Amino acid sequence: MAMEASSTTMDREVMESHYMDWLRDAHAMEQQAESMLTAMAARIENYPDLKRRIEQHIDETREQARLIAECIQRRGGDTSMIKDLTGKAMAGMQGMANMFASDEIVKGGMLSYAFEHFEIASYSNLIEAARMVGDRETLAICERILPQEQAMADYLQHNMAGVSRRFLELAQQPGAKAKV
């Protein structure tokens, strides 16, 4: 019987450890998203609706990072500086790579759409993990964040065709700045 209790305690510790890692990953992911979106929004000139929606999502992203950091701290942990810095560095490299693309706005939209789905998957996993460890507060927060990520992905899905059309129209005009 002592073996079963010990095994259950170890299983719980493993589950908790993975859960905290996933929360730290989510925080780093939001840091990366903020960096990517901020860099993209700063360069957009000819796509005002997209710029406005990205700026709105930047505010949501900052709040999401704050909420996830609170979840981590409430559980006795802290955010991972290494993961946060790695995420920001990756965002910087992605921004630099896209900046040199002649169709930056289109490639940035594609990257953002894919990243939103990564976030959706992350929060879906965190919701299930929060249920398993009995963390109702984090569960409620992740259930609040998930629709925001889904809404941004939906926005991109339904509006990038218009951005692509606008890009192609501008690209045909001499001297027009189509890429952003």
Side-chain angles (χ1 to χ4, degrees), residues 4-41 50 53-98 106-160:
E4 286 179 29
S6 176
S7 176
T8 303
T9 301
M10 289 185 73
D11 292 344
R12 180 81 180 166
E13 288 174 13
V14 169
M15 191 166 43
E16 290 278 345
S17 176
H18 286 297
Y19 180 55
M20 285 299 289
D21 281 344
W22 294 348
L23 284 170
R24 286 185 191 99
D25 290 344
H27 186 266
M29 172 183 71
E30 295 301 352
Q31 296 287 307
Q32 180 178 359
E34 180 185 353
S35 294
M36 278 184 345
L37 293 170
T38 300
M40 185 174 181
L50 178 61
R53 184 61 179 100
I54 289 172
E55 288 171 342
Q56 176 190 344
H57 196 56
I58 291 168
D59 291 338
E60 291 171 344
T61 299
R62 287 179 180 138
E63 178 65 5
Q64 292 163 359
R66 185 188 70 73
L67 289 169
I68 294 299
E70 284 180 5
C71 292
I72 293 166
Q73 291 162 356
R74 180 177 38 75
R75 297 185 60 76
D78 56 12
T79 58
S80 170
M81 186 182 304
I82 292 171
K83 287 183 180 187
D84 287 352
L85 290 174
T86 300
K88 286 182 177 189
M90 288 173 57
M93 288 185 286
Q94 290 164 341
M96 290 290 285
N98 280 347
V106 175
K107 287 198 171 74
M110 292 165 48
L111 177 63
S112 294
Y113 182 73
F115 197 83
E116 289 303 324
H117 282 84
F118 180 76
E119 290 179 297
I120 290 166
S122 177
Y123 284 111
S124 296
N125 291 338
L126 277 171
I127 286 168
E128 189 56 32
R131 279 191 188 107
M132 290 189 70
V133 301
D135 184 354
R136 293 178 187 192
E137 291 176 66
T138 300
L139 174 64
I141 287 168
C142 291
E143 286 178 334
R144 190 169 103 202
I145 292 172
L146 181 60
Q148 294 173 343
E149 303 299 359
Q150 291 167 325
M152 186 62 187
D154 289 346
Y155 175 87
L156 292 168
Q157 180 179 6
H158 293 102
N159 289 279
M160 284 310 296

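Start at 1 with the first residue, then count along the sequence. None of these values were measured; they are calculated from a predicted model.
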Side-chain heavy atoms of [X] within contact of [Y], under 4.5 Å:
X: Tyr123; Y: Gln150; answer: no
X: Arg53; Y: Met152; answer: yes
X: Ile145; Y: Leu126; answer: no
X: Glu128; Y: Asn125; answer: no
X: Ile54; Y: Thr38; answer: no
X: Glu63; Y: Gln148; answer: no

Shortest non-hydrogen separation from [X] to [Y] and the atoms involved:
X: Met20; Y: Gly77; value: CE-CA, 3.7 Å
X: Glu116; Y: Ala153; value: CB-CB, 3.8 Å
X: Ala33; Y: Glu119; value: CB-OE2, 3.8 Å
X: Met160; Y: Gly109; value: CE-CA, 3.5 Å

Practice item. Verify side-chain contact (heavy atoms from CB on, under 4.5 Å) between Tyr19 and Arg75, making sure each step is shown before the conclusion. Key: CA-CA 10 Å; Tyr19 180 55; Arg75 297 185 60 76; 3.3 Å; yes
Is [X] reaching over with its side chain to a backbone N or O of [Y], donor-acceptor style, under 3.5 angstrom?
X: Ser17; Y: Glu13; value: no
X: Thr61; Y: His57; value: yes
X: Arg12; Y: Val133; value: yes
X: His27; Y: Leu23; value: no

Quick check for you: to the nearest 0.5 Å, what is the distance between [X] atom [atom1] and [Y] atom [atom2]?
X: Arg62; Y: Gln31; atom1: CZ; atom2: CD; value: 10.0 Å
X: Met36; Y: Phe115; atom1: CE; atom2: CZ; value: 4.5 Å
X: Cys142; Y: Leu67; atom1: SG; atom2: CG; value: 9.5 Å
X: Met132; Y: Ile127; atom1: CE; atom2: CD1; value: 14.5 Å
X: Glu16; Y: Asp21; atom1: CD; atom2: CG; value: 11.5 Å
X: Gln56; Y: Tyr155; atom1: CD; atom2: OH; value: 9.5 Å

Review point. Looking at Arg131 and Glu143, does any basic side-chain N land under 4.0 Å from a carboxylate oxygen?
Key: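 Result for this pair is yes, salt bridge flagged.
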Exercise for review: Start with the C-alpha distance between Leu156 and Leu50, add both sets of side-chain angles, then the distance that settles side-chain contact (heavy atoms from CB on, under 4.5 Å), and finish with yes or no.
Suggested key: CA-CA 9 Å; Leu156 292 168; Leu50 178 61; 4.1 Å; yes
Exercise for review: Take Ile141 and Glu70 through the test side-chain contact (heavy atoms from CB on, under 4.5 Å) and record every step on the way to the result.
Suggested key: CA-CA 10 Å; Ile141 287 168; Glu70 284 180 5; 5.6 Å; no
